[in-house]
Amino acid sequence: MRWLFNTAYVLLLTVLSPVIAWRMLRHGRYRKGISEKLLGRVIRVSATRPVVWFHAVSVGEVIQLQKVVDEFQRQTADRYDVVISTSTDTGYELAQKRFPSCQLTWFPLDFTWAVSSAMQRIQPAMVVLMELELWPNFLAECHRRAIPVAVVNARMSERSHRGYMRVRRLLAPLFRELALVAAQSKTYAERLQSMGVSLEAIRVTGSIKFDGVETNRASKKTVLLRQVFDLPDSSLVLMAGSTQEPEEQMAVDAWLKLRQRFAGLRLILVPRHRERFDEVAKLVAAANVPLIRRSGISDRPAISATAATDSESDAVLLLDTIGELSACWGLADIAFVGGSFGKRGGQNMIEPAAYGVCVLFGPNTSNFRDVVDCFRENDACIQLETQQQFEQQVAALLGDPARRLQMGINAREAVVRQQGATAMTASLLCEIMERDGKIAVAHDRAA
């Protein structure tokens with residue numbers, strides 16, 4: 001079966017090779033970590049303590065993983081060495097900043113030779129995967145080496161569940177071997193159990209995404225962004241974050257009309273992918289309005305330190321850096337969370353909600369269905385059905401400050417009530433490491 005998957009992967013890479021080559025040339029993607037990914041030549045760990053290998057795919061997962069790793073190390077008093085892996089360039093760059101004291105590497109592609117080489121070099125006592133990053137050959141190799149695998153903050157959308165069920169007979173044996181599946185909700189837990197995860201391995205912990213989110217608009221990082229963007233505390237800010245095409249155009253068009261009715265209204269745009277930063281900048285330029293890019297002012301004093309010109313005080317603000325989105329939500333009064341018009345399934349709306357921001361998003365939020373249900377039950381969000389509703393709803397909120405502020409309060413309170421998943425998850429990971437003498441067995445094997 002493992003070589004069957006190898007063959008399938010080779011065929012898939014062959015079909016996708018023109019797209020991959022184009023993105024490598026055009027955007028510089030996929031170039032880094034090639035030997036680690038294709039051959040498994042990851043860092044060779046020479047540890048005197050058992051190693052726990054944590055994996056997060058990209059930026060969003062890295063942010064959530066930091067909470068788990070920090071709490072795990074706190075609960076275990078740093079008795080274990082930690083290796084962090086990721087799969088994308090942006091994820092790797094952020095992990096370098098978030099995990100300065102951990103060993104960092106790339107996750108191998110799911111070829112038998114790559115995963116075997118990676119396992120031999122890292123020699124983990126346990127592997128922890130964020131959300132549902134399950135690869136057949138990787139799991140099979142963990143099982144062959146008797147390495148327990150935990151999936152934390154696990155979720156399985158209805159669409160993903162339908163896809164997995166088509167190949168359930170192939171994957172069920174691998175799902176059955178998972179030592180722990182810490183699910184975000186009861187619904188996700190039931191779907192995972194239907195895929196073969198044992199009842200004993202499943203725990204409903206809630207979503208880690210609610211934990212550790214900043215709620216203070218006066219936090220150091222948010223204040224810094226306010227200074228470099230020259231935004232007075234009294235500014236009324238509309239922000240569209242984690243956006244994809246055509247959500248930026250929707251926001252710009254609405255802002256151009258609304259600023260005529262609501263003087264001083266500012267707009268911040270934050271595209272989801274960095275390769276679209278220049279594209280969005282051109283979109284703003286085409287609207288004949290000034291633009292301030294965060295990357296262009298990162299190494300010079302804030303505009304307010306000199307004197308903002310009329311054009312600067314009326315400019316669209318573009319956050320075109322990695323790792324600052326979370327803090328930037330704290331500048332907003334009204335926030336549109338992108339990826340929700342289209343097929344992406346939405347992006348994280350918890351971060352703006354935690355700041356007490358009035359949150360809007362589109363109809364497609366399958367990745368955050370439970371979060372959306374929670375917010376809707378608490379009158380803490382507005383879900384749009386069409387792009388045409390965006391301008392109407394924003395105008396209504398701008399014209400009704402009391403309602404806007406109350407929705408923000410509701411949002412922050414809803415986030416606070418859901419917190420606690422990180423501590424529970426870390427405790428479950430500690431139990432795996434400590435039960436049945438697994439630490440000693442795994443460490444003896446590594447030695």
Side-chain angles (χ1 to χ4, degrees), residues 217-218 222-241 243 246-271 280-294 296-297 301-320 324-325 327-338 352-353 355-362 381-382 384 386-412:
R217 285 177 173 265
T222 298
V223 168
L224 173 62
L225 285 174
R226 185 175 293 280
Q227 291 173 345
V228 297
F229 279 147
D230 192 35
L231 282 173
D233 292 340
S234 59
S235 296
L236 194 58
V237 177
L238 169 63
M239 177 172 164
T243 51
E247 292 165 340
E248 300 93 359
Q249 187 70 63
M250 175 189 72
V252 170
D253 290 344
W255 174 74
L256 288 171
K257 295 179 182 178
L258 292 171
R259 68 175 182 163
Q260 299 175 20
R261 296 170 52 190
F262 302 96
L265 178 65
R266 304 300 301 274
L267 174 64
I268 301 177
L269 299 176
V270 192
V280 174
K282 292 177 181 177
L283 181 153
V284 175
N288 294 316
V289 292
L291 173 71
I292 295 175
R293 299 180 65 154
R294 168 69 172 106
I297 54 177
I303 298 170
S304 58
T306 55
T309 66
D310 290 340
S311 62
E312 286 175 331
S313 64
D314 197 34
V316 171
L317 308 175
L318 176 61
L319 185 70
D320 56 349
E324 292 189 301
L325 172 60
C328 195
W329 288 121
L331 300 177
D333 296 284
I334 300 174
F336 170 77
V337 183
Y355 283 108
V357 177
C358 186
V359 179
L360 299 86
F361 39 79
C381 68
I382 294 176
L384 309 171
T386 66
Q387 294 182 41
Q388 290 70 32
Q389 291 178 336
F390 178 75
E391 180 188 340
Q392 301 168 7
Q393 290 293 339
V394 172
L397 291 168
L398 291 172
D400 190 350
R403 179 175 179 240
R404 185 178 73 242
L405 293 173
Q406 186 58 55
M407 288 184 64
I409 293 171
N410 295 345
R412 180 188 281 118

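The first residue of the sequence shown is numbered 1, and numbering continues consecutively from there. Predicted, not measured: the structure shown is a model, and the values here were computed from it.
- Inter-residue side-chain proximity for Gln389 and Ile382 is flagged as unmet; no heavy-atom pair is nearer than 4.5 Å.
- Between Val284 and Val289 the shortest side-chain heavy-atom distance falls below 4.5 Å.
- The CD atom of Glu324 lies 5.5 Å from the CG atom of Leu319; values are rounded to the nearest 0.5 Å.
- Note that the CG atom of Asp233 and the CZ atom of Arg217 stand 10.5 Å from one another [nearest 0.5 Å].
- Of the options Val316, Leu291, Asp320, a side-chain contact (heavy atoms from CB on, under 4.5 Å) to Leu269 is made by Val316 and by none of the others.
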Met407 vs Ile334, test: side-chain contact (heavy atoms from CB on, under 4.5 Å). Steps then yes/no. CA-CA 10 Å; Met407 288 184 64; Ile334 300 174; over 6 Å; no
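- Side-chain atoms of Leu318 and Glu248, non-hydrogen and from C-beta on, never get closer than 4.5 Å to each other.
- Minimum interatomic distance between Ala395 and Arg261 (heavy atoms only, all atoms of both residues): CB-NH1, 3.8 Å.
- A distance of 10.0 Å separates CD of Gln249 from CD of Gln387, quoted to the nearest 0.5 Å.
- The closest side-chain heavy-atom distance from Leu331 to Tyr355 is not below 4.5 Å.
- Not one N or O on the side chain of Arg412 forms a donor-acceptor pair closer than 3.5 Å with the backbone of Ala353.
- Counting heavy atoms from C-beta outward, Arg404 and Leu236 have side chains that approach closer than 4.5 Å.
- In this structure, the side chains of Met250 and Phe336 come closer than 4.5 Å at one or more pairs of heavy atoms.
- The heavy-atom pair separating Ala254 from Glu391 by the smallest distance is CB-CB, 4.0 Å.
- Among all heavy-atom pairs drawn from Val337 and Pro352, the shortest one is CG2-CG, 3.9 Å.
- Residues Trp255 and Leu265 come closest through the heavy atom pair NE1-O, 2.9 Å.
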Could you go step by step and tell me if Val280 and Thr243 meet the side-chain contact (heavy atoms from CB on, under 4.5 Å) rule? CA-CA 10 Å; Val280 174; Thr243 51; 5.8 Å; no
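- Nearest heavy-atom pair across Ile268 and Cys328 is CG2-SG, 3.9 Å.
- Proximity of Leu231 to Leu317: side-chain heavy atoms (C-beta onward) are separated by under 4.5 Å at one or more points.
- Looking at every heavy atom in both residues, Trp329 comes nearest to Ala335 through CZ3-CB, 3.5 Å.
- Annotation: side chain of Asp333 is not in contact with side chain of Ser235 (no heavy-atom distance under 4.5 Å).
- No donor-acceptor pair closer than 3.5 Å links the side chain of Arg403 to the backbone N or O of Leu397.
- Taking CG of Leu283 as the reference point, atom CG of Asp253 lies at 8.0 Å (rounded to 0.5 Å).
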